[in-house]
**Student:** 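I have a structure I would like to understand better, so I am pasting it below and will then ask my questions one at a time.
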Amino acid sequence: MRLSRFFLPILRETPKEAEIVSHRLMLRAGMMRQEAAGIYAFLPLGLRVLRKIEQVVREEQNRAGAIEMLMPTIQSADLWRESGRYDAYGKEMLRIEDRHEREMLYGPTNEEMITEVFRAYCRSYKDLPLNLYHIQWKFRDEVRPRFGLMRGREFLMKDAYSFDVDYAGARHAYNRMFVAYLRTFARLGLKSIPMVADTGPIGGNLSHEFIILASTGESEVYCHKDYLDFPVPDESVNFDDVVGLQSIVDKWTSLYAATSEKHEAAEFAKLPAEKQVSARGIEVGHIFYFGTKYSEPMKAVVSGPDGIERAVHMGSYGIGPSRLVAAIIEAFHDDAGIKWPEPVAPFKVAILNLKQGDGATDAACETLYRDLAAKGVDALYHDLDERPGSKFATADLIGVPWQVVIGPKGLASGTYEVKKRADGSRETLSPAATLDLLSR
RNA sequence: CGGAGCAUAGCGCAGCCUGGUAGCGCACCUGCUUUGGGAGCAGGGGGUCGCAGGUUCAAAUCCUGCUGCUCCGACCA
């Protein structure tokens with residue numbers, strides 16, 4: 001992408017409403033724009049990151065055996081009356097009325113709807129196990145939206161729902177998602193720690209929050225230090241291996257880890273002092289097993305081998321891709337701007353032409369840009385007539401992992417300077433070596 | 001929902017107390033000079049001062065009401 005043909009409204013100063021670093025940087029880097037309290041438009045740069053995150057989430061859900069579908073944002077109130085949550089959910093739910101004065105709502109979650117879909121088609125234990133998910137916008141009318149995307153009212157959520165014939169099956173479904181989450185966050189460059197969680201208004205009795213540590217985190221969390229170095233299962237993990245998955249989950253739940261709601265100071269105090277981690281955390285995923293809480297009232301039942309109908313055991317599993325955009329920035333930034341982990345970066349490379357209009361530099365940039373494109377490398381070519389300092393600042397701000405600096409000075413010796421945004425290290429490389437390094 | 005603020009050009013702000021030509025920096029446009037860490041000079045464009053009432057010869061400024069947004073708290077994926 002040529003910057004001259006892209007839409008990247010960089011702000012040099014920070015809008016005053018932005019308090020936390022991810023919010024500030026997203027506004028400054030031209031990633032999003034606030035349209036109302038807690039409601040944001042994604043601008044092109046922000047959307048690129050959101051899509052990358054979404055794709056990683058999708059791939060890992062699919063790998064774990066979940067099947068993607070797409071449910072609507074608007075739901076009928078009747079569905080929620082069946083589960084009893086229409087009244088229970090309170091003012092967080094945005095209630096709307098259509099032209100026929102039917103009561104509708106903008107979905108804050110989809111347990112009711114997915115249960116309705118399930119019961120319409122599935123009658124036999126032979127239809128199980130089943131895990132359906134979608135990635136869709138949700139709305140929760142928070143009393144006080146804040147921190148930009150971190151705590152918006154409208155947010156993108158991946159929510160998966162599992163259906164099993166009994167607890168054992170549901171437990172395995174839960175473990176699949178547990179492991180899928182470990183892998184998902186690791187691929188996004190994050191160290192996530194599963195913590196025993198409060199089940200909240202959704203209910204149930206088996207639940208973990210996946211937390212990443214960040215000094216700006218919303219809640220206080222406590223865990224054993226060893227979690228930070230636990231190995232994450234690689235892609236060879238067999239999601240059908242019941243015993244194998246259980247052992248991974250057992251390992252990842254063997255040590256102390258809890259959010260403040262579930263924190264037990266006495267237990268925590270038993271850890272050796274040097275193993276006690278007390279930090280701020282950001283919740284980026286949440287998984288629940290809630291049994292027959294919805295299947296019973298909504299009559300989602302299947303016949304077992306014995307011919308007897310039983311309500312299915314369910315679980316739900318959420319990840320907030322839009323929140324992750326902010327969470328990743330909280331984890332990876334410095335004073336100059338964002339430092340995207342490569343898997344979610346909006347572009348892999350930024351080409352900085354230090355002397356736009358100069359025949360030799362223009363030609364070198366064009367060649368590199370074309371060669372990278374030919375290798376399938378997504379590059380942003382800064383081809384505007386700006387001064388070098390301004391181009392450096394922009395590149396640092398938007399956080400592209402690699403910067404290739406091309407100017408008369410280097411070209412005199414036939415070289416480019418390649419800077420790695422993550423650690424600021426620089427190398428002077430030949431064009432061929434540059435291409436080789438960046439197309440790996 | 002309790003408490004506290006803010007609202008003046010795209011962004012950051014001054015002006016308000018003490019009513020009288022709407023300003024500054026950045027950004028934007030034109031020209032020239034510049035070009036390895038947010039350039040310099042010169043010229044220029046852009047505003048129903050959040051909205052609605054009221055007071056006054058005169059309101060960004062004083063008064064009343066409303067709306068939007070932010071922060072702290074309670075709540076929360």
**Student:** Is any side-chain heavy atom of A/His208 closer than 4.5 Å to a side-chain heavy atom of A/Phe178?
**Tutor:**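 Yes, close enough: below the 4.5 Å cut-off.
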**Student:** Distance between the C1' atoms of B/U61 and B/G50, in whole angstroms?
**Tutor:** 16 Å
**Student:** Pairing check on B/A39: which nucleotide meets the Watson-Crick or G-U wobble criteria with it, both distances under 3.5 Å?
**Tutor:** B/U33
**Student:** Quote, to the nearest angstrom, the C1' distance that separates B/G44 from B/A27.
**Tutor:**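 Roughly 15 Å separates the two C1' atoms.
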**Student:** So what does A/Lys91 hit on the nucleic acid, given a heavy-atom distance under 4.0 Å: a base, only sugar-phosphate, or nothing?
**Tutor:** sugar-phosphate
**Student:** Does B/U64 pair with anything, Watson-Crick or G-U wobble, both distances under 3.5 Å, and if so, with which nucleotide?
**Tutor:** B/A52
**Student:** Reckon A/Gly285 touches a base, only the sugar-phosphate, or nothing at all at heavy-atom distances under 4.0 Å?
**Tutor:**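 The residue A/Gly285 makes no contact with any strand.
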**Student:** Applying the Watson-Crick and G-U wobble criteria at under 3.5 Å, what pairs with B/A74? Answer none if nothing qualifies.
**Tutor:** none
**Student:** Identify whether the distance between the nearest side-chain nitrogen and carboxylate oxygen of A/Arg48 and A/Asp378 falls below 4.0 Å.
**Tutor:** yes
**Student:** On a whole-Å scale, what distance lies between the P atoms belonging to B/G20 and B/U67?
**Tutor:** 30 Å
**Student:** Using a strict threshold of under 4.0 Å (side-chain N to carboxylate O), is an ion pair present between A/Arg85 and A/Glu112?
**Tutor:**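 Salt bridge flag = yes for A/Arg85 with A/Glu112.
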**Student:** Given side chains that start at C-beta, do those of A/Lys355 and A/Arg387 come closer than 4.5 Å, heavy atoms only?
**Tutor:** no
**Student:** Under a 3.5 Å cut-off for both contacts, is B/C26 paired Watson-Crick or G-U wobble with anything, and if yes, with which nucleotide?
**Tutor:** B/G10
**Student:** Assign A/Glu209 to base, sugar-phosphate, or nothing according to its heavy-atom contacts below 4.0 angstrom with the strands shown.
**Tutor:** nothing
**Student:** On the side chain of A/Arg146, is there an atom forming a donor-acceptor pair with the base of B/U70 - under 3.5 Å, no angle test?
**Tutor:** no
**Student:** Taking only the side-chain heavy atoms of A/Arg144 (C-beta and beyond), determine which of B/C26, B/A74, B/C75 contains the nearest atom.
**Tutor:** B/A74
**Student:** Determine, stepwise, if the pair A/Asp159 / A/Lys138 fulfils salt bridge (Lys or Arg N to Asp or Glu O under 4.0 Å).
**Tutor:** CA-CA 10 Å; A/Asp159 38 330; A/Lys138 306 286 191 294; 2.9 Å; yes
**Student:** Taking salt bridge (Lys or Arg N to Asp or Glu O under 4.0 Å) as the test, write out the residues that go with A/Arg95, two or more places apart.
**Tutor:**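 With neighbours one apart ignored, the set is empty.
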**Student:** Would you be so kind as to tabulate the donor-acceptor pairs closer than 3.5 Å made by side chains of residues 6-17 of chain A, with sequence neighbours excluded?
**Tutor:**
none

**Student:** Checking all strands, does A/Asp396 fall into the base, sugar-phosphate, or nothing category for heavy-atom contacts under 4.0 angstrom?
**Tutor:** base
**Student:** For B/G47 and B/G23, measure between their C1' atoms and round to the nearest Å.
**Tutor:** 11 Å
**Student:** List every contact pair, protein side and nucleotides 9-15 of chain B side both N or O, where the distance is under 3.5 Å.
**Tutor:**
from: B/C11; atom 1: O2; to: A/Glu13; atom 2: OE1; distance (Å): 3.2
from: B/G12; atom 1: OP1; to: A/Lys16; atom 2: N; distance (Å): 2.9

**Student:** Pick base, sugar-phosphate or nothing for A/Ala18, based on heavy-atom distances below 4.0 Å to the nucleic acid.
**Tutor:** nothing
**Student:** Heavy atoms under 4.0 Å, any strand shown: does A/Arg426 hit a base, just sugar-phosphate, or nothing?
**Tutor:** base
**Student:** If you pin A/Gly152 and A/Thr394 to their nearest nucleotides in RNA chain B, which one's is more 5'?
**Tutor:** A/Thr394
**Student:** Quick one: which of B/G36, B/C75, B/C69 gets closest to the side chain of A/Arg151?
**Tutor:** B/C75
**Student:** In terms of side-chain heavy atoms of A/Arg12, which of B/G38, B/U35, B/U70 is nearest?
**Tutor:**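 So the nucleotide nearest the side chain must be B/G38.
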**Student:** If you only use heavy atoms from C-beta on, which nucleotide in B/C75, B/A77, B/G38 is closest to the side chain of A/Val143?
**Tutor:** B/C75
**Student:** Both A/Gly407 and A/Gly148 contact RNA chain B. Which one's nearest nucleotide lies toward the 5' end?
**Tutor:** A/Gly407
